[in-house]
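In what follows, chains are A, B, ... by sequence order, proteins preceding strands, each numbered from 1.
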Amino acid sequence: MLDMKLIRSNPDWYKGKLAERNVPGEVIDNLLRKDSERRDLIVKSESLKAERNEVSEKISQLKRNKGNADDQIQRMREVGKEIKELDEKLEGIKAEQHDIEAHLPNVPADEVPVSLTEEGAKELRRIGEPRKFDFTPKPHWEIGENLDILDFKRSAKVSGSRFVYYLGAGAQLERAVYNFYLDQNTEVGYTEVLPPYMVNSDSMFGTGQFPKFLENKAGFEIKDSDLTMIPTAEVPLVNFYRDEVIPEAKLPVKFTALTPAFRSEAGSAGKDTRGLIRLHQFNKVEMVQFTKPDESWDALEEIIHQAETLLQKLGIPYHVITLTSSDMSFTAAETHDLEVWMPAQNRYREISSCSNTLDFQARRAHIQYRDENGKLQYVHTLNGSGLAVGRTVAAILENYQNEDGTVNVPEVLQPYMHGMKKIVKNEKF
RNA sequence: GGCGAGUUGGCAGAGUGGUAAUGCACCGGACUCGAAAUCCGGCGAACCGGUUUAUAGCCGGCGCGCAGGUUCAAAUCCUGUACUCGCCUCCA
């Protein structure tokens, strides 16, 4: 949520910035109109309420002295009616204003490339040489199916498209990857969390998924309940402190969690229909930080660095890009994606998204801290994948494949695989 | 799933229709070399609006889990709902 007071005092600046994210200027004009209408109503209603309080006090005195207050009561009956009418109108305007505010995305930071499409993302650096193959590298789903460590046919039967069974060494590899990630993240100061996988709609609003998520049918809501399957661990991690004041001494708070992420992938029909890239359910290790306002940009660098370290230890080539103003998630002020090299597709694919939301989520979720002057301030929240697990497995299968169809296990994962150095065909299934 | 109790300021805790006691804590002052104790005064949360250069001050609104209702007036009455605790039932 953006600060209404700031929009009120710098409307043109906000119009310009939000135009970079495809928000028409009329939306801001409309918002300002609602805002001033709302405040007019407040003034009217509150002055009547002040009068009512005053007269009620008199009525109370008269009654105590056994006087007659019929005139005043008659008058207050009218005033009461007027107040009710004004307040009903006010509620309507408030709801309309809130609806507009709830749909306004965060303002892009200065470094963000301005573009109304995803074209124009800035490449910051490229790390690791893509391997030269002396055979044609296979896509990961072929490798996985040939080795009998991935089964997309049976998942389709049991659940539908965009699900998968990992089997044997495949399941073990997935587990090795996320255990490696969790160990690495906790080693640099993140507290491991195992959060709920379903959250209520206040939480979904707090991190900025709702209301748009509902309109786009992007998530999986549980019928006849207020619960939604989490689309990312960011939701339960950030909302951990919703409606709370975090003691200053605790900041920065750093959480990491492994959770499944559930996404409907509405609107991506036909895209990445095969393999592990785009599933309704996938595992992800997430990092979340709560910081003081002046520390969040450093924290973003720290998160990206940690995500990069993971890929470097795995030995997978990647690059880091800055997303364009309109490609960022709704809540982000700036987002850097890590994309890993996928030999079979001959391109980089997203494996991590690291964002600073500044106080955008903190405002929605009411997460504050008390500064050295005792004043309440919104914290800044950040999130970054560290990393997507399924996509990591896909990247390992493709980058570490051998001509005979086997796959080498990256060295750092071998201890997590009971020393297994190579994945060979599993005949059991 | 059933029954019962609870939800009031940082904490504790009164208040069953007349507009939020009190204690601890906290802040200011007195006393003191200083502190403790004592005394005096203040403060009670966030939040919203008006005034203002001001996130200062002042004024007002709101405020007793949340949402409605009754009333001139609601922490108090009514309805719904969330959460917490206890007992029962069920269950990995």
Side-chain angles (χ1 to χ4, degrees), chain A residues 1-10 31-102 194-206 210 221-222 224-228 236 239-250 292-294 358-359 362-380:
Chain A
M1 206 85 102
L2 299 172
D3 187 343
M4 190 60 221
K5 281 185 191 144
L6 290 178
I7 297 178
R8 207 183 284 153
S9 46
N10 314 289
L31 173 63
L32 290 166
R33 218 164 19 241
K34 297 288 176 208
D35 184 55
S36 82
E37 229 178 300
R38 187 189 108 250
R39 285 182 297 147
D40 284 349
L41 284 169
I42 288 175
V43 171
K44 284 183 192 149
S45 164
E46 287 191 354
S47 70
L48 286 177
K49 282 174 185 168
E51 185 188 349
R52 179 176 68 185
N53 287 344
E54 216 176 296
V55 176
S56 286
E57 179 60 33
K58 272 182 206 148
I59 293 173
S60 154
Q61 277 172 19
L62 282 170
K63 293 253 179 188
R64 237 178 272 136
N65 300 327
K66 307 254 190 287
N68 186 307
D70 290 354
D71 287 355
Q72 283 85 345
I73 288 175
Q74 192 52 43
R75 237 180 70 226
M76 284 307 103
R77 210 170 263 162
E78 291 307 310
V79 170
K81 251 190 231 158
E82 254 181 274
I83 290 174
K84 200 172 175 182
E85 276 168 29
L86 284 170
D87 279 352
E88 271 165 16
K89 216 163 154 193
L90 179 60
E91 284 310 310
I93 298 282
K94 257 192 192 164
E96 288 171 30
Q97 182 178 359
H98 182 264
D99 189 56
I100 297 172
E101 288 180 82
L194 206 163
Y197 298 163
M198 298 182 214
V199 296
N200 59 30
S201 40
D202 284 346
S203 297
M204 288 294 279
F205 182 85
F210 282 3
E221 290 110 46
I222 308 296
D224 299 322
S225 90
D226 187 41
L227 296 170
T228 299
N239 281 284
F240 181 82
Y241 281 122
R242 177 154 53 80
D243 295 324
E244 290 194 35
V245 176
I246 306 176
E248 188 188 5
K250 284 197 181 177
K292 292 185 203 172
D294 57 348
L358 303 175
D359 63 359
R363 277 179 192 285
R364 293 188 153 231
H366 307 292
I367 306 172
Q368 297 168 301
Y369 79 102
R370 216 171 275 282
D371 67 15
E372 53 284 355
N373 301 319
K375 252 185 4 200
L376 287 172
Q377 303 252 19
Y378 288 108
V379 299
H380 282 190

key: ring-ring contact (aromatic ring centres under 6.0 Å, His included) contacts touching residues 68-99 of chain A (sequence neighbours left out)   = H98(A)-F205(A)
key: Side chain of L376(A) - closest among A46(B), C48(B), C72(B)   = A46(B)
request  = Considering only atom C1', compute the distance from C31(B) to G41(B) and round it to an integer number of Å.
outcome  = 15 Å
key: Rounded distance in Å - CD1 (I59(A)) to P (G17(B))   = 18 Å
task = Scan side-chain atoms only and decide if Q72(A) and R75(A) contain a donor-acceptor pair under the 3.5 Å cut-off.
result = no
ask   = Which part of the nucleic acid, if any, lies within contact of R8(A), taking any heavy atom under 4.0 Å across all strands shown: a base, the sugar-phosphate backbone alone, or nothing?
value = sugar-phosphate
query = Should N53(A) be listed as having a side-chain N or O under 4.0 Å from OP1 or OP2 of C72(B)?
reply = no
task = Heavy atoms only: give me the nearest R363(A)-Y378(A) pair and the separation to one decimal.
result = NH1-CE1, 3.4 Å
key: Touch class at under 4.0 angstrom, heavy-atom based, for I42(A) against every strand present   = sugar-phosphate
query = Choosing from U19(B), C72(B), C48(B), which nucleotide comes nearest the side chain of M76(A)?
reply = C72(B)
key: Nearest-Å distance once atom C1' is located in both G49(B) and U55(B)   = 16 Å
Output a table of nitrogen or oxygen pairs between the protein and nucleotides 53-58 of chain B separated by less than 3.5 Å.
unit_1: U55(B); atom_1: O2; unit_2: K375(A); atom_2: NZ; d: 2.8

query = Which one, G61(B), G49(B), U70(B), comes nearest to the side chain of K84(A)?
reply = U70(B)
task = Can you tell me the distance, in whole Å, between the CZ atom of R242(A) and the P atom of A82(B)?
result = 16 Å
request  = Specify the residue among S56(A) and D35(A) whose closest nucleotide of RNA chain B lies further upstream toward the 5′ end.
outcome  = S56(A)
request  = Quote, to the nearest angstrom, the P distance that separates C11(B) from C66(B).
outcome  = 15 Å
key: Test: D99(A) and K34(A) ion pair at under 4.0 Å   = no
request  = Provide the distance between the two P atoms, one in C43(B) and one in C48(B), to the nearest whole Å.
outcome  = 22 Å
query = Taking the side chain of K5(A) as its heavy atoms from C-beta onward, which of G50(B), C48(B), G60(B) lies nearest to it?
reply = C48(B)
key: Considering all heavy atoms, the nearest I246(A)-K250(A) contact   = CG2-CB, 4.1 Å
task = Specify the separation, in whole Å, of atom NZ of K49(A) and atom C1' of C59(B).
result = 17 Å
query = Nearest-Å distance, CD1 (I73(A)) to P (G17(B))?
reply = 17 Å
query = What's the shortest heavy-atom distance between D202(A) and N239(A), and which atoms?
reply = O-OD1, 4.2 Å
message = On RNA chain B, does the nearest nucleotide to Q74(A) precede the nearest nucleotide to Q368(A) from the 5' side, or the other way round? Give the residue.
response = Q368(A)
message = Under 4.0 Å from OP1 or OP2 of G49(B): is there any side-chain N or O of R38(A) that close?
response = yes
task = Could you check how far CD of E54(A) sits from C1' of G61(B), rounded to whole Å?
result = 14 Å
side-chain N/O R75(A) vs A73(B) OP1/OP2, d < 4.0 Å = no
task = Write down the distance separating the C1' atoms in C91(B) and G1(B), rounded off to the nearest Å.
result = 12 Å
key: Any R52(A) side-chain N or O less than 4.0 Å from OP1/OP2 of C62(B)   = yes
note = What one should report as the nearest heavy-atom pair of H380(A) and D359(A) is CD2-N, 3.5 Å
ask   = Between A14(B) and G69(B), how far is it from one C1' atom to the other, in whole Å?
value = 27 Å
query = H366(A) has an atom NE2; how far is it from atom P of C66(B), in whole Å?
reply = 14 Å
query = Is the phosphate of G50(B), meaning OP1 or OP2, less than 4.0 Å from a side-chain N or O of R39(A)?
reply = yes
key: Paired stretches of RNA chain B - 3 or more consecutive Watson-Crick or G-U pairs, each distance under 3.5 Å   = B:1-7 with B:82-88, B:10-12 with B:22-24, B:26-30 with B:38-42, B:47-51 with B:57-61, B:65-69 with B:77-81
Heavy-atom side-chain contact between E101(A) and L2(A) under 4.5 Å = no
query = Roughly, in whole Å, what's the span from CG in D87(A) to P in G69(B)?
reply = 10 Å
request  = Write down the distance between CD1 (I83(A)) and C1' (G49(B)), rounded to a whole number of angstrom.
outcome  = 15 Å
key: Ion pair D35(A)/R38(A), N-O distance below 4.0 Å   = yes
note = Note: P195(A) and P236(A) closest approach over all heavy atoms is CB-CB, 3.6 Å
message = Can you check the distance between A35(B) and C26(B), where both ends of the measurement are the P atom (answer in whole Å)?
response = 15 Å
request  = Using the P atom as the reference point in each nucleotide, state the distance between A73(B) and G61(B) in Å, no decimals.
outcome  = 15 Å
request  = Taking all non-hydrogen atoms of both residues into account, name the closest pair between S203(A) and R242(A) and its distance.
outcome  = OG-NH2, 2.9 Å
key: L90(A) side, atom CG; I83(A) side, atom CD1 - distance, nearest 0.5 Å   = 12.0 Å
